[in-house]
Amino acid sequence: MTQSELFPSFSIDPVVTPADKILSPFSAVPDENLLAVRDRAYAKGLIPADFRGRIGVLLTEGADGLTVRLAFEPLSEGEGAAWDDLKDSAVWPRLDEADCQGFEFANARGEVKTLNAMLAELFAPFPDRDDDHGGREQRERRAKWRGMMVAAAKSPSVRLLAAHTKGELSDCRPVAVAEWWAGKSPVWQIRHDKAFIAPRSGARYLFDWLLDGIPHCEQDVICRETTPELPVLYEDDAMVIVNKPARLASVVGGRETVSAESILNEHYGKVHVVHRLDMGTSGVLVFAKKQEVLKALNAAFRARDVVKHYVARLEGELPKDNIPASGEIRLPLMLDWFERPKQCVFPQEEGGREALTKVSWRENVDTKRGVKTLVNLYPVTGRTHQLRLHCAHPAGLGLPIDGDPFYGSAGLLNESDDCRLCLHAAGVAFRHPVTNELVEVYAEPEFPDF
């Protein structure tokens with residue numbers, strides 16, 4: 001099979017000037033060139049009508065314009081199973097060193113490295129343990145990491161980039177690399193036809209190494225020129241409760257240098273976050289001023305003695321009778337191991353954790369993109385991305401939360417600065433840890449019209 005058969009190609013006129021550096025395929029908004037590539041690929045009949053899986057694209061710039069290369073990764077048989085029939089080991093296979101043989105990469109500087117050598121570097125800071133000190137668990141984690149890295153190496157965008165850095169495609173300058181999903185979603189994940197999605201999480205390491213020597217944007221630290229406003233909703237000697245804006249982290253970590261916690265620390269001295277909201281989620285966030293208050297509030301959250309009220313705007317109109325008659329959504333959730341930090345619906349006997357959300361219809365609202373529905377959500381459990389998945393999954397409400405870049409139908413287009421996750425922590429109610437009086441705090445949601 002020739003390289004052109006492996007990677008179908010065609011030319012395209014640029015819609016916008018290509019970026020000077022390759023943007024991150026994990027969080028960057030696809031530009032108009034990538035959108036045009038996707039649409040042209042379908043118009044040319046290069047995407048089989050029954051194809052279901054990932055499609056990778058590499059866009060290069062030469063004297064004659066832009067050249068597009070495509071690669072395909074069909075959905076595996078195991079991934080297409082019903083979520084309640086899935087087996088953990090089948091979806092996220094555990095691999096030995098021998099399973100990783102045959103993967104060799106060359107980066108843009110001409111350096112060559114095997115996948116096993118990369119894994120050895122990742123494992124090096126963690127010495128081997130014996131079975132009496134967690135050795136068995138360590139081997140299990142490493143086997144899973146090998147599976148994750150092999151899956152990442154097979155990803156279509158990685159294969160394209162690896163072929164380019166080996167000199168198998170062309171010597172033109174790569175200007176963009178991305179992936180989109182084609183076809184129906186696996187029932188345990190949330191995928192949308194033709195939506196740009198991030199490559200598998202294990203591919204971050206491979207991209208960083210392959211692109212060494214090619215201008216590209218690494219994962220930048222987010223430095224804010226101005227400190228976001230953090231309205232105080234309630235305060236006494238024991239605690240302070242604020243209304244966190246969207247796109248502000250609850251605590252510093254990862255890419256953020258400023259958080260709700262760091263802002264409050266500057267004003268009050270040391271405060272302690274009691275619970276957390278995703279960066280994209282706005283709303284009521286509780287901080288303790290004292291360790292003993294933190295301990296008491298943590299106990300109340302663990303005992304589910306705190307009522308948490310969220311408001312979400314869904315992507316479309318949800319009929320009232322689509323709300324479960326019980327007013328509850330019960331779908332067990334689990335970390336999607338090869339897609340961190342995404343979560344998925346997975347059977348409890350295979351590691352999924354109980355997740356329960358109470359839900360009620362609120363109102364329909366008119367927006368620039370049509371009628372959308374506001375719903376009230378009351379999480380009983382507190383799983384990562386619980387509300388987002390319970391809204392988006394067909395066994396839940398069947399409509400993603402508006403503006404969700406992980407589970408929304410627009411995919412990475414929702415990473416745009418003029419968009420946001422329309423999920424708001426509207427209120428909390430609990431007994432004061434010192435006085436035992438009922439504390440109720442509410443903040444009305446304010447979602448943009450997009």
Measure the shortest side-chain to side-chain distance between [X] and [Y] over non-hydrogen atoms and say whether it is less than 4.5 angstrom.
X: Lys194; Y: Arg38; answer: yes
X: Phe196; Y: Glu415; answer: no
X: Leu115; Y: Leu206; answer: yes
X: Val380; Y: Lys358; answer: yes
X: Thr384; Y: Leu333; answer: no
X: Ile401; Y: Leu421; answer: yes
X: Phe10; Y: Val37; answer: yes
X: Ile214; Y: Pro174; answer: yes

Return the set of residues passing ring pair (Phe, Tyr, Trp, His ring centres under 6.0 Å) with [X] (not counting sequence neighbours), or none when no residue passes.
X: Phe430; answer: none
X: Phe287; answer: none
X: Tyr378; answer: His309

Scan side-chain atoms only and decide if [X] and [Y] contain a donor-acceptor pair under the 3.5 Å cut-off.
X: Gln386; Y: Thr357; answer: yes
X: Glu339; Y: Ser201; answer: no
X: Tyr407; Y: His393; answer: no

- request: Test side chain to side chain donor-acceptor pair (under 3.5 Å) on Ser157 and Glu179 and set out the steps.
  value: CA-CA 6 Å; Ser157 57; Glu179 291 185 13; 2.5 Å; yes
Under 3.5 Å donor-acceptor pairs involving side-chain atoms of residues 443-450, not counting sequence neighbours:
{"from": "Glu444", "atom 1": "OE1", "to": "Tyr442", "atom 2": "OH", "distance (Å)": "3.1"}
{"from": "Glu444", "atom 1": "OE2", "to": "Arg362", "atom 2": "NH2", "distance (Å)": "3.2"}
{"from": "Asp449", "atom 1": "OD1", "to": "Lys368", "atom 2": "N", "distance (Å)": "2.8"}

- prompt: So with a 6.0 Å cut-off around CZ of Arg276, is the heavy-atom count from everything else above 12?
  reply: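 12 or below, so no.
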field: Phe346 vs Trp92, ring pair (Phe, Tyr, Trp, His ring centres under 6.0 Å): CA-CA, chis, key distance, verdict
entry: CA-CA 12 Å; Phe346 221 77; Trp92 303 295; 4.8 Å; yes
Over all heavy atoms of both residues, which pair between [X] and [Y] is shortest? Give the atoms and the distance, please.
X: Leu210; Y: Thr165; answer: O-CG2, 3.5 Å
X: Thr257; Y: Val252; answer: O-CG2, 3.7 Å
X: Leu95; Y: Arg146; answer: O-NH1, 3.1 Å
X: Gly408; Y: Asn414; answer: CA-ND2, 4.2 Å
X: Gly283; Y: Asn243; answer: CA-OD1, 3.3 Å
X: Leu423; Y: Thr281; answer: O-CG2, 3.4 Å

- prompt: Is Glu354 salt-bridged to Arg330, cutoff N-O under 4.0 Å?
  reply: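 Here Glu354 pairs with Arg330 in a salt bridge, since their nearest N and O are under 4.0 Å apart.
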So, taking the atom named [atom1] in [X] and the one named [atom2] in [Y], what distance separates them when rounded to the nearest 0.5 Å?
X: Ile329; Y: Leu387; atom1: CD1; atom2: CG; answer: 9.0 Å
X: Leu335; Y: Arg340; atom1: CG; atom2: CZ; answer: 5.0 Å
X: Met118; Y: Lys113; atom1: CE; atom2: NZ; answer: 6.0 Å
X: Phe105; Y: Leu161; atom1: CZ; atom2: CG; answer: 10.0 Å

task: Give the ring-plane orientation class for Phe301 versus His275, where under 30° counts as parallel, over 60° as perpendicular and anything between as tilted.
output: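 Parallel, since the angle between the ring planes stays under 30°.
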task: Start with the C-alpha distance between Thr381 and Arg304, add both sets of side-chain angles, then the distance that settles side chain to side chain donor-acceptor pair (under 3.5 Å), and finish with yes or no.
output: CA-CA 8 Å; Thr381 54; Arg304 301 179 184 175; 5.5 Å; no
- request: List for me each residue that meets side-chain contact (heavy atoms from CB on, under 4.5 Å) alongside Val365, sequence neighbours excluded, and say none if there are none.
  value: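 Scan of Val365 (side-chain contact (heavy atoms from CB on, under 4.5 Å), adjacent residues dropped) gives Arg313, Glu363, Thr367, Lys372, Leu374.
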message: Quick check with a 6.0 Å cut-off and a 45 degree axis cone: is Arg191 positioned over the face of Trp181's six-membered ring?
response: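 Geometry flag: set, cation within 6.0 Å and 45°.
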message: Suppose we screen for salt bridge (charged side-chain N to carboxylate O under 4.0 Å, His left out). Which residues come up paired with Arg94, at least two apart in sequence or across chains?
response: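 If we apply the salt bridge (charged side-chain N to carboxylate O under 4.0 Å, His left out) test to Arg94, skipping adjacent residues, the hits are Asp88, Glu140.
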- request: Identify the residue among Lys154, Arg52, Arg159, Arg200 that makes a salt bridge (charged side-chain N to carboxylate O under 4.0 Å, His left out) with Glu73.
  value: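 With Glu73 as partner, salt bridge (charged side-chain N to carboxylate O under 4.0 Å, His left out) holds for just one option, Arg200.
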